[in-house]
Amino acid sequence: MALSSLHRLSIIEKLKGNHFDLLVIGGGITGAGIALDAAARGLKTVLVEKNDFAFGTSSRSTKLIHGGLRYLKQLEFGLVKEVGSERAVVHHLAPHLVVPEKMLLPLHEKRGFGSLLTSFGLKLYDFLAGVKPEDQRKMLTRNQTLLQEPLLRKDDIKGGAIYAEYRTDDARLTIEIIKSAAQHGAEVINYCRVLEFIYKERKIVGAKVREEISGNEFEIKSRSVINAAGPWVDELRVLDKSKQGKQLHLTKGVHLVVRKKTLPVKQAIYFDVEEDSRMIFAIPRGRTTYIGTTDTNYDGSKEEVIVTGEDAAYLLRAINQTFPGLNVTNDDIESSWAGLRPLINEEGKSATELSRRDEIFESPSGLLSIAGGKLTGYRKMAERVLDQLNSRTFAERELEDCKTHQIRLFGSDFKNYGEVKQYVASIAERLKKVQLGDEYAVYLVGNYGKQTELILNDLQSGEPEVELAKAELRFTIHHEMVVSPLDFFIRRTGMLYFNKPRMQKVYNVVLEEFKGVYNWDMVQFERERLKVEQIISGVTSFK
Ligand code: FAD
């Protein structure tokens with residue numbers, strides 16, 4: 001099952017010619033999780049995504065697999081217990097991609113929580129999530145906190161705490177779940193948009209879709225349909241004429257990326273912003289540190305969500321107040337991204353107060369829509385919506401129970417994190433021979449896990465960094481349905497966010513490779529080049 005973009009025509013023929021049990025709309029983490037769970041339970045499943053996989057919120061999060069410490073304050077114990085417990089499960093399913101990250105929580109003299117309350121809250125957090133004793137929270141004195149992070153403003157630190165979370169790459173996690181779904185028999189395709197639903201006796205029995213690359217429209221027949229379209233969930237409910245009762249409430253969150261040298265924090269930090277007491281993260285990743293996030297109500301375009309000057313100024317103020325010796329400015333920003341939280345509206349609540357719980361809406365036509373939730377809870381969301389579908393549509397077939405807790409994701413053939421580290425060391429040795437530094441071993445294994453082997457086996461002779469990018473491109477075209485340069489630079493490699501210097505170096509070669517593989521003429525080549533250049537300039541120019 002290689003998910004090759006060169007096999008699109010044969011995939012489309014299968015979509016046209018089959019009668020499916022389940023059509024999943026949306027190739028974000030929610031749809032991906034549902035497709036894997038459904039295929040593993042034996043349902044004949046198809047997933048369609050209108051843009052690239054993980055185009056929506058699932059490539060624009062804070063990229064943490066976390067329990068949501070702040071939801072304790074909102075007394076969301078059930079949510080914290082579920083997502084907190086899921087962290088270890090998802091780490092086990094992809095130990096190279098969901099990696100342990102200790103988080104520092106500084107405590108202040110004049111604001112925020114006291115040491116006792118924090119100590120109790122973190123204890124409860126560990127307890128609810130069943131965290132192993134060796135990973136449980138440790139309280140720090142003032143000196144220990146400042147030793148842990150000497151960049152912190154010194155005058156009002158009274159202590160701190162260290163607790164366990166996990167870091168991931170949201171888009172890579174999504175793509176590996178999608179590949180695992182395909183391995184279990186699901187048909188999946190990106191750039192294929194649901195235009196309208198098909199009904200028989202008022203019950204939903206499929207959808208009319210448009211393949212966005214050729215513009216061809218066709219029908220997909222399916223006994224059931226799940227709408228996992230994230231911020232677009234309500235648009236599909238409108239198509240189904242069933243948008244009644246609860247609705248989505250979109251809030252925007254932005255992140256800024258600076259060089260590690262600019263914000264050289266020693267580890268991930270979760271701190272509160274002096275002016276409004278909101279909590280934000282500063283997270284080191286490779287040669288960068290990223291900072292986020294904001295949380296503001298949103299009613300603009302869902303296709304193009306931008307970072308405004310006001311968003312950037314807020315995060316820069318927060319950074320400069322917390323780490324006063326640094327003076328980080330707009331000129332230091334290397335990249336940024338903005339995403340939308342598809343939350344469920346609750347009258348009278350502000351953006352930050354809205355619950356992060358997921359909810360399922362069932363329409364009279366049988367369309368199931370699922371929204372809300374977290375990246376971290378994707379498996380449980382999938383299990384819930386499929387159990388609901390099962391009891392209604394497939395009751396006579398006795399669907400198997402959910403087993404995604406046992407399905408290691410693509411490229412994750414590691415027993416534990418220790419094995420991942422050994423593998424990184426062995427890849428580093430191999431890369432030395434072709435003049436590539438250790439940082440590439442960390443990057444490749446973090447991104448592709450054991451699939452690194454396939455990429456390195458395809459390395460040609462030439463300038464090492466350029467040849468590596470070309471080998472990655474061939475891999476992602478043949479195994480991950482990459483269709484456009486943005487799929488590659490943003491969602492498969494994260495280069496646009498976390499390695500702009502590398503992107504600048506390989507950019508022209510990558511575009512030339514695309515031109516060759518897809519036989520672009522000069523007009524199309526220029527169109528694609530312009531698209532990438534607009535996005536590149538957009539991540540550092542804020543309106
Ligand atoms: P999406 O990822 O948006 O996927 C929906 C997909 O449906 C899109 O790709 C879209 O193109 C597709 N689609 C829409 N309409 C159609 C159509 N007509 N036909 C076909 N396809 C269609 N959670 C965490 O656990 N940890 C975090 O650190 C974290 N940080 C966050 C930070 C921010 C700023 C935000 C905004 C969210 C964060 N979250 C986090 C929450 C998490 O990212 C989201 O809950 C999750 O990504 C939502 O995934 P989704 O699949 O539901 O939606």
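Keep in mind it's a predicted model, so treat the numbers as computed, not measured. We use all heavy atoms of the structure for the numbers below, so side chains are in, but hydrogens, waters and symmetry mates are not. Both ligands and their constituent atoms are indexed starting at 1 by order of listing.
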Where is the nearest protein heavy atom to atom 53 (O) of ligand 1: which residue, which atom, and how far? Gly230 CA, 3.3 Å
Can you name the atoms of ligand 1, numbered from 1 with element, that are less than 4.0 Å from a heavy atom of Thr293? 34 (C)
Nearest candidate to atom 35 (C) of ligand 1, where distance is taken over non-hydrogen atoms, out of Arg356, Arg341, Lys50: Arg341
Less than 6.0 Å separating the ring centroids of Tyr497 and Phe489? no
If you measure from atom 28 (O) of ligand 1 to every heavy atom of Leu64, Val90, Ile283, Leu173, which option wins on shortest distance? Leu64
Any N or O of Glu49 closer than 3.5 Å to N or O of ligand 1: yes
So which protein heavy atom does atom 30 (N) of ligand 1 come closest to, and at what separation? Thr62 N, 3.0 Å
Distance from atom 39 (N) of ligand 1 to nearest protein heavy atom, with residue and atom: Ser61 CB, 3.9 Å
Parallel, tilted or perpendicular for Phe55 and Trp232, by the 30°/60° rule? tilted
Using a 4.0 Å heavy-atom cut-off, say whether Leu340 meets ligand 1 through its side chain, its backbone, both or neither. backbone
Does Asp170 come within less than 4.0 Å of Arg60, counting only side-chain N to carboxylate O? no
Aromatic centroids of Phe498 and Tyr290 separated by under 6.0 Å: yes
Parallel under 30°, tilted from 30 to 60°, perpendicular over 60°: which one fits the rings of Tyr199 and Phe197? perpendicular
What protein heavy atom sits nearest atom 51 (O) of ligand 1, and how far off is it? Thr30 N, 3.0 Å
Using a 4.0 Å cutoff against the non-hydrogen atoms of Lys63, which atoms of ligand 1 qualify? 28 (O)
Centre of Tyr125's six-membered ring, under 6.0 Å away, within 45 degrees of the axis: is that where NZ or CZ of Arg87 sits? yes
Show the numbers, then the answer: is there a side-chain hydrogen bond (donor to acceptor under 3.5 Å, both in side chains) between Tyr314 and Asp276? CA-CA 10 Å; Tyr314 172 82; Asp276 60 2; 2.8 Å; yes
Closest to atom 47 (O) of ligand 1 (heavy atoms only, candidates Gly56, Ser58, Ala32, Ala207) is Ser58
Regarding ligand 1, does Cys192 bring an N or O atom to under 3.5 Å of one of the ligand's N or O atoms? no
Please check if the side chain of Glu217 supplies one atom and the backbone of Lys208 the other of a donor-acceptor pair under 3.5 Å. no
Think Lys252 forms a cation-pi with Trp337, using NZ or CZ under 6.0 Å from the six-ring centre and within 45 degrees of its axis? no
Could an N or O of ligand 1 be found under 3.5 Å from any N or O of Thr57, whether backbone or side chain? yes
What are the atoms of ligand 1, with element, lying closer than 4.0 Å to any heavy atom of Trp232? 3 (O), 8 (C), 10 (C), 14 (C), 15 (N)
Electrostatic pair Asp234-Arg237, nearest N-O below 4.0 angstrom: yes
Among protein heavy atoms, which sits nearest to atom 7 (O) of ligand 1, and what does the distance come to when rounded to 0.1 Å? Gly26 CA, 3.3 Å
If I apply the N/O under 3.5 Å rule, does Gly339 come out as touching ligand 1? no
Out of all atoms in ligand 1, which are within 4.0 Å of some heavy atom of Gly253? Include the element for each. 34 (C)
Decide whether an N or O pair under 3.5 Å exists between Leu375 and ligand 1. yes
Can you check whether Pro231 has an N/O within less than 3.5 Å of an N/O in ligand 1? no
Output yes when a side-chain donor or acceptor of Glu165 lies under 3.5 Å from a complementary backbone atom of Gly67, and no otherwise. yes
Take Lys374 and His66 through the side-chain hydrogen bond (donor to acceptor under 3.5 Å, both in side chains) test and state the conclusion after the steps. CA-CA 9 Å; Lys374 304 279 298 166; His66 67 152; 3.2 Å; yes
Could you identify the single nearest non-hydrogen protein atom to atom 18 (N) of ligand 1 and state the distance to 0.1 Å? Val194 O, 3.2 Å
Could you tell me whether Asp52 and Arg491 make a salt bridge, using a distance below 4.0 angstrom between a side-chain N and a carboxylate O? yes
Assess whether a salt bridge exists between Glu101 and Arg285, defined as any Lys/Arg side-chain N lying under 4.0 Å from an Asp/Glu carboxylate O. no
Heteroatom distance test (Thr376, ligand 1): nitrogen or oxygen, under 3.5 angstrom: yes
Taking it one step at a time, do Leu97 and Leu409 satisfy side chain to side chain contact (heavy atoms under 4.5 Å, CB included)? CA-CA 10 Å; Leu97 187 54; Leu409 301 184; 5.5 Å; no
Using a plain distance cutoff, I'd like to know if Gly372 has any nitrogen or oxygen under 3.5 Å from a nitrogen or oxygen of ligand 1. no
Looking only at protein heavy atoms, which one is nearest to atom 40 (C) of ligand 1, and how far off is it? Lys374 NZ, 3.6 Å
Quick one: look up the protein heavy atom nearest atom 45 (O) of ligand 1 and list residue, atom name and how far away it is. Gly373 O, 3.1 Å
Ligand-side contact atoms (ligand 1) for residue partner Arg60, heavy atom cut-off under 4.0 Å: 33 (C), 34 (C)
